[in-house]
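All values reported here derive from a predicted model rather than from experimental measurement. Both counts, for ligands and for their atoms, begin at 1 and track the order of listing. The analysis underlying the following values was restricted to heavy atoms, covering all of them including side chains, and did not include hydrogens, waters or symmetry mates.
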Amino acid sequence: MDRRSFIASVLLGGTALAVIASRGANAASGSFEVTRSDAEWRAMLSDLQYKVMRKEGTERAFSSPLDKNYAAGTYHCRGCELALYSSEHKYDSGTGWPSFWQSLPGAIGTKTDFKLIYPRTECHCRRCGSHLGHIFNDGPAPTGKRHCLNGVSLVFKPA
Ligand SMILES: [Zn+2]
C-alpha cells in the first residue's frame, strides 16, 4: 500500500466510524420506516413528549398515570402507533416508571448509551425511532429484564 492509498483508507475508515457514531447518537437519527422532520415532530408532540421521545429525555418518576395502570390492553408508540408492549408483561418495579419484563416481538430496537458515563441499554420504537427508555438486568422472571419506560412515549389502548 503506498502512502496515498493508506491516507485514503484512513480517511474512509474515519468517515465510516463517524457515520456509525452519529447513527447511535440520538433516537432521531438513523433510518426508520416512519420518518418525520424535526418540525413535524415538534408540531405533533408536547414539549415533554418531544424532549423524551426525540432527545432521549426522561420524564419525572411517578409522573405518568401509566405507571400504576394495570388494565388489560396494549401500549402503543405515541410516535407511530406501533404496538410495543402488552399489559401481560407489565409489573410494578417501584421505580415510578412503567415497567415491563419484555416487549412485543420485533417491536423495539436497542443501542448502548453512555449518558450517565456507565453503559446503559437504550430502547426505542423499531418503526419510528422514538426513545422509550432503558433496559436493565434487574427485572423479574422469566426474562430478568426491566424495560424502564417513559409513559409519555406510550399510548395505552384497553383490550
Ligand atoms: Zn414508533
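Using a cutoff of 4.0 Å between basic side-chain nitrogens and carboxylate oxygens, Asp38 and Arg42 are scored as salt-bridged. Of the charged side-chain nitrogens involved, at least one lies within less than 4.0 Å of a carboxylate oxygen, so that Asp92 and Lys68 count as a salt-bridged pair. Ion pairing between a basic and an acidic side chain is recognised when a charged N comes within 4.0 Å of a carboxylate O; Arg127 and Glu81 show no such pairing.
For the Zn ion (ligand 1), the neighbouring protein N/O/S atoms at less than 2.8 Å, given as residue and atom, are Cys77 SG, Cys80 SG, Cys125 SG, Cys128 SG.
Taking the six-membered ring where the residue is Trp, Phe136 and His134 present tilted rings, their angle falling between 30° and 60°.
Thr110 and His124 make their closest contact through N-CE1, 3.8 Å (heavy atoms, listed as atom of the first residue, atom of the second, distance).
Considering OG of Ser103 and CZ of Arg126, their distance stands at 11.0 Å, rounded to 0.5 Å.
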